[in-house]
Amino acid sequence: MEPDNAVSQITASRRYQVASESLQLGMFIAELDRPWLDTPFLLQGFLADSQVEIDTLRKCCSYVYVDLEMSSPEVADTIRRSEMRGDEAPAPPRPLPKMPAKVVATEVPDETKPTPTPTSLPDTAPVERRGARSGAGRVYKTRADVRISSDTRQRFRDFLRQSAGSGRNDEPGLVARTVAWFRGLRGGEAAQASGTERDRASRDAIRGWLPNDIELQTYEEKHSLQQELPRARSTFGHSEDVLKAVVTDVKAGRVPQVAEVAGAVDDMVASMIDNPDALLWVGRLREEDVNTYNHGVKVALYLIALGRQLGFPKRELGLLGMIGMLADVGKIRLPRALLDKPGMLTSAEFGMIKEHVRLGIDALREAGELPTEVELGIVQHHERLDGSGYPKGLKGNDISIYGRMAAIADSFAALITPRAYANPSAPQDALMNLYEWAGSSFHEPLVEQFVQAVGVFPVGSLVELSSGEVAIVVAHNRVRRLEPRVLVLTWPDKAPLSEPIERDLLSSSGSGAGRLRIVRGLPSGSYGLKLRDYYLSGIARANGLPG
């Protein structure tokens, strides 16, 4: 290529095709070689200012299109000089890393778009890295039984954009850009008004399903996370013990002590009202436990969180907690080998699985009459709006608000929990899966409110930061939910820290490219991290977070 021609071509367009292995920090990624919605990235177009972003791009794409005018000046100049000379690019000025020897820079006219190549959902779970230290354990891959369509990803983003709280407008990082996008910086006050309208429409749609005597209310947090954690830990443990006793009674054919469950649920409701993050945090610390009673307590927590989000009174929150605690007790009367079978169930085996609903209700009725709402929630927690559920194949209007809510909470808890037959989903992927099934299986307004209740990055979820470190979300910022408090568990190479480090992403130092932020969510168990290992010692107390 002659230099004069090169100059002409470079000024004619600002976008260039760059091989993914030649990507470097400071490049503005304008287009991919596949649809954006088939990748983990939240927004179309961003400045690659994190090595984690570079690594993820290399994993998902063979090449990308870089906008030189929006890239850092050093990187843009390096590419232009290399293109004009037709030789390998020199190393850019520090602190940017040396550019790979061969840069494929191809002119792409502005009006020309690359033809997207449809792909299956990329595996966004961590890949074991060569040379990593002892932090690299079991590698979790995306569940094979769930997929998220491009349409769902777009609808989910639209919902988050319209409903999320305000953020800063001076932070160009990926998640910070997402916060700004959610805030409506591209649409101003109209976008924020749209979010208010959407939330109001969602709540109105749900309100039509509520009993007439329910008076909704607003809850304010009364305790900080640190203040509430001791009670939350005690409450969760007591709830597990109570439900374990019920399960033991059902298994032995004895009358279960349902009244004890009601007392435990009252304690859960009180704690969740004062600070919902605390009990959700404790519940995620027990995520390695997949027994029936542990699952029941978690479903109860998610149901109470959803009810609190909607403004249900205390009595109704207690009923929701009862549903979650008792919905699956009938499974204890099924063969364990059947529940843990890794392969596809036969028709006869699936028929046996469906029986757990009837078995549970029959056992619970021996203890006396259940509240109507609780029985409805238990009987209907596997029913689906399109009639594909069980045990009765109910459709649409035949499913109560309690059955609809229980279906969402139970499914979410199942998706994020490791199973004998399935790896866990990252919580964000699980939320998008619920959105995938909204309208067909689940009530979409309830799904939207559930996302609001647990957060885009739920308390207790593992996340990867722009530094490459892995952290756990410990508390939400109620206004800017994408900037939570986190506890950093690993070094950038994923080797575990001897002691975790607490960081508040909302007030962390730095700005722009140097600001620490969340890049992506991770499934439970990623990089061999077991959260309970960090909270069975004095480490948590040293960080103000008793386990």
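No hydrogens, no waters, no symmetry mates; every other heavy atom, side chains included, goes into these values.
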Passing candidate, side-chain contact (heavy atoms from CB on, under 4.5 Å) with Y402, options L303, I323, T372: I323

Evaluation steps, salt bridge (charged side-chain N to carboxylate O under 4.0 Å, His left out), between K392 and E383: CA-CA 7 Å; K392 294 184 177 181; E383 300 288 359; over 6 Å; no

Whether R404 side chain and I399 backbone form a donor-acceptor pair below 3.5 Å: yes

N-O pairing of R503 and E469 below 4.0 Å: yes

Check: R231 main-chain N/O paired with T235 side-chain donor or acceptor under 3.5 Å: yes

Check: G521 main-chain N/O paired with E464 side-chain donor or acceptor under 3.5 Å: no

Candidate pair E240 and N294, rule side chain to side chain donor-acceptor pair (under 3.5 Å), full reasoning: CA-CA 6 Å; E240 278 190 314; N294 183 275; 2.7 Å; yes

Residue from L487, V488, L529 passing side-chain contact (heavy atoms from CB on, under 4.5 Å) with I472: L487

Under 3.5 Å: donor-acceptor pair, side chain of R485, backbone of V474: no

From W209, Y302, F312, F442, residue fulfilling side-chain contact (heavy atoms from CB on, under 4.5 Å) relative to M405: F312

Donor-acceptor pair, side chain of S411 and main chain of I408, under 3.5 angstrom: no

Test item: side-chain donor near acceptor, E448 and Y435, under 3.5 Å: yes

R333 side-chain N/O to V250 backbone N/O, donor-acceptor pair under 3.5 Å: yes

D241 with K244: basic N within carboxylate O range, under 4.0 Å: no

Sole residue of L489, V486, V473 in side-chain contact (heavy atoms from CB on, under 4.5 Å) with L462: L489

Short side-chain to backbone donor-acceptor contact, N275 and E228, under 3.5 Å: no

Short side-chain donor-acceptor distance under 3.5 Å, Q449 and Q309: yes

Evaluation steps, side chain to side chain contact (heavy atoms under 4.5 Å, CB included), between V258 and M322: CA-CA 9 Å; V258 176; M322 290 278 288; 3.7 Å; yes

Side-chain (S388) to main-chain (R384) donor-acceptor, under 3.5 angstrom: no

Lys/Arg N to Asp/Glu carboxylate O, R365 vs E375, below 4.0 Å: yes

Salt bridge E316-R308, side-chain N to carboxylate O under 4.0 Å: no

Close aromatic pair by centroid cut-off 6.0 Å: Y390 and F350: yes

K354 atom NZ: more than 12 heavy-atom contacts under 6.0 Å: yes

Nearest atoms (heavy-atom pairs only) where D328 meets H381: OD1-NE2, 3.1 Å

Exam field: side chain S461 to backbone P427, donor-acceptor pair closer than 3.5 Å: no

